[in-house]
Amino acid sequence: MEGILAGCSPRVTVMFPVASSVNPARNRSSKELVPGVLLPGARRSAPLRCTRSEEGDDFVNSVEVQEWESGMSLNDIAAKQGIRIRRSHRTGHPSEGSKDEKDTPRNILEQIIWDKEVEVAQFKQTKPLETLKKAVEGAPPVRDFVGALRESYRRTGVPALIAEVKKASPSKGVLREDFDPVQIAKTYEKNGAACLSILTDEKYFQGSFRNLEAVRKAGVECPLLCKEFIIDSWQIYNARLKGADAVLLIAGVLPDLDIKYMTMICRELRLAALIEVHDEREMDRVLKIDGIQLIGINNRNLETFEVDISTTKKLLEGERGEIIQQRGIIVVGESGLFTPQDISYVQGAGVRAVLVGESLIKQVDPGKAISGLFGKDISK
Ligand SMILES: O=P(O)(O)OC[C@@H](O)[C@@H](O)c1c[nH]c2ccccc12
């Protein structure tokens, strides 16, 4: 199979650019995008080579690609899609004014993303993408994250639980001092969690890839979500190698083209992709992308930390909810869920799964806290 997209029907081999990093290749004309040849000096970690699929026709001719080729600034393209988070190495964001404004992150999410850029660049130097790709070929099989959610919902009649192994957060500080990720993961599993979410960001959440690996190796069977701020496809391969079955893609950070491209990589690696949205505009962008199976609605605004669980309801009302239902997309209600009333409220809005951290992890026994959260034992 040629290219990175093993699932694509091999009709035509094309080159395509990807919008998330400064790429010297973009100054070339599209005629120079020679099939089958990697552009020299391309900084993007993913290959600029792809086997076109049915959906790829649309992908390759998409407006974003044309904009990219026309030399539009990548921050401009992101801003046009309503993305407020700038990438530090991109230039020319319309709202960028003075030098100071360019050099200072405007909110915590932007700060996290700028730090992540530096971190990923360093990781890539020690472990190049090609090394990861080879290693992935021999990695153990992934577990069915989406299947586990469906099965749990069918069995219990309440939203499937993705329980989060979360030591700290930038908004709340340390949530639990005596933090043993493996023990917490095991008690979550025993008490009915369908899947687990393992935070891997070290600087802001005190998580780690060691935790992810440790939970996987400890014999926990629940599929695992790698909770990371993904800005580069290198991180997806890395997550797969460390034992993840699913990754998070945040629409408030990633332009459409990145989401499309990264979900294709996930499909190739058999990982589930949880696409996270927080407002109507992000939801509408995501609904325009084919093949999405899982959408997370984050009740927390990652720029301000405000939490409002009516966000979930608002984004599922009317036509949006209908489209989601028709396509069989599973919606995950994320953040700020504390009581059985909260769970029924989001279930009534249409969610089939919930992602919960704080309200479980802060309890003396986080596993036992699950029945308190749902108002019943969901382990049977
Ligand atoms: O602890 P809470 O409020 O139950 O939230 C869990 C989860 O939704 C939250 O950690 C989260 C949702 N999306 C994110 C993206 C990055 C970091 C963290 C998150």
Side-chain angles (χ1 to χ4, degrees), residues 139-153 155-156 158-169 172 174-202 204-230 235 238-248 270-274 276 294 296 330 332-335 337-338 343 353-374 377-380:
V142 289
R143 297 167 199 215
D144 182 0
F145 192 90
V146 177
L149 296 180
R150 283 192 205 288
E151 168 55 22
S152 175
Y153 181 71
R155 180 175 57 80
T156 64
V158 290
L161 173 64
I162 307 170
E164 187 151 280
V165 178
K166 180 181 196 180
K167 170 154 188 177
S169 74
K172 301 276 169 87
V174 173
L175 296 166
R176 189 179 181 88
E177 287 292 349
D178 66 327
F179 185 80
D180 178 340
V182 169
Q183 199 197 333
I184 294 166
K186 283 185 170 167
T187 186
Y188 279 157
E189 176 166 71
K190 186 165 152 251
N191 287 281
C195 299
L196 304 178
S197 162
I198 316 284
L199 273 152
T200 51
D201 176 77
E202 296 201 11
Y204 296 92
F205 290 86
Q206 297 191 31
S208 73
F209 279 97
R210 285 183 310 282
N211 291 355
L212 177 62
E213 280 184 299
V215 170
R216 173 82 311 150
K217 285 185 182 146
V220 169
E221 283 176 15
C222 287
L224 306 180
L225 169 70
C226 170
K227 195 64 156 339
E228 182 50 81
F229 294 86
I230 291 183
Q235 295 165 281
N238 188 48
R240 169 75 180 91
L241 271 182
K242 303 285 182 183
D245 305 294
V247 294
L248 180 78
R270 309 274 180 261
L271 293 171
L274 174 60
E276 179 173 298
L294 268 183
I330 295 190
V332 184
E334 301 180 357
S335 308
L337 303 170
F338 286 86
I343 300 291
V354 288
L355 175 57
V356 184
E358 182 183 342
S359 68
L360 299 175
I361 207 92
K362 280 181 108 172
Q363 306 300 314
V364 177
D365 185 334
K368 291 233 172 73
I370 293 176
S371 54
L373 173 66
F374 284 85
D377 180 359
I378 59 161
S379 68
K380 298 185 185 83

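Keep in mind it's a predicted model, so treat the numbers as computed, not measured. All values below come from the heavy atoms of this structure, side chains included, with hydrogens, waters and symmetry mates left out.
In this structure, Glu189 has no salt bridge (charged side-chain N to carboxylate O under 4.0 Å, His left out) partners at least two apart in sequence or on a different chain. For Arg210, the salt bridge (charged side-chain N to carboxylate O under 4.0 Å, His left out) partners at least two apart in sequence or on another chain are Glu202. Applying the ring-ring contact (aromatic ring centres under 6.0 Å, His included) rule to Phe229 yields the partners Phe205; only residues at least two apart in sequence or on another chain are considered. Shown here are the salt bridge (charged side-chain N to carboxylate O under 4.0 Å, His left out) partners of Asp365, two or more places apart in sequence or in another chain: Lys368. Listed by chain and residue number, nothing satisfies the salt bridge (charged side-chain N to carboxylate O under 4.0 Å, His left out) test with Asp180 (two or more places apart in sequence, or in another chain). Applying the side-chain hydrogen bond (donor to acceptor under 3.5 Å, both in side chains) test to Arg216 and every residue at least two apart in sequence or in another chain returns Asp245.
Under the 3.5 Å distance criterion, the side-chain polar atoms of Arg143 are matched with a main-chain donor or acceptor of Glu221. Listed for the Arg155 side chain is a donor-acceptor partner under 3.5 Å among the backbone atoms of Ile378.
Residues Glu151 and Asp144 are not in side-chain contact: their nearest non-hydrogen atoms beyond the backbone lie 4.5 Å or more apart. Between Leu161 and Thr156 the shortest side-chain heavy-atom distance does not fall below 4.5 Å. Under the 4.5 Å side-chain criterion, counting only non-hydrogen atoms from C-beta, Val174 is in contact with Gln206. Between Ile361 and Phe179 there is a side-chain heavy-atom pair separated by less than 4.5 Å. The side-chain heavy atoms of Glu276 and Leu355, taken from C-beta on, include no pair separated by under 4.5 Å. Looking at Phe145 and Leu149, their side chains come closer than 4.5 Å, going by heavy atoms from C-beta outward. Using a 4.5 Å heavy-atom threshold, the side chains of Ile184 and Arg176 count as touching. With contacts defined as side-chain heavy-atom distances shorter than 4.5 Å, the pair Val220/Tyr188 does not qualify.
The heavy-atom pair separating Lys227 from Ser197 by the smallest distance is CB-OG, 3.6 Å. Of all heavy-atom pairs between Ala239 and Phe209, the closest is CA-CE2, 4.3 Å. The heavy-atom pair separating Gly367 from Thr187 by the smallest distance is CA-OG1, 3.3 Å. The two residues Ile343 and Leu373 have their closest heavy-atom pair at CG1-O, 3.6 Å. Minimum interatomic distance between Leu360 and Ala163 (heavy atoms only, all atoms of both residues): CD1-CB, 4.2 Å. Nearest heavy-atom pair across Lys242 and Leu212 is O-CG, 3.6 Å.
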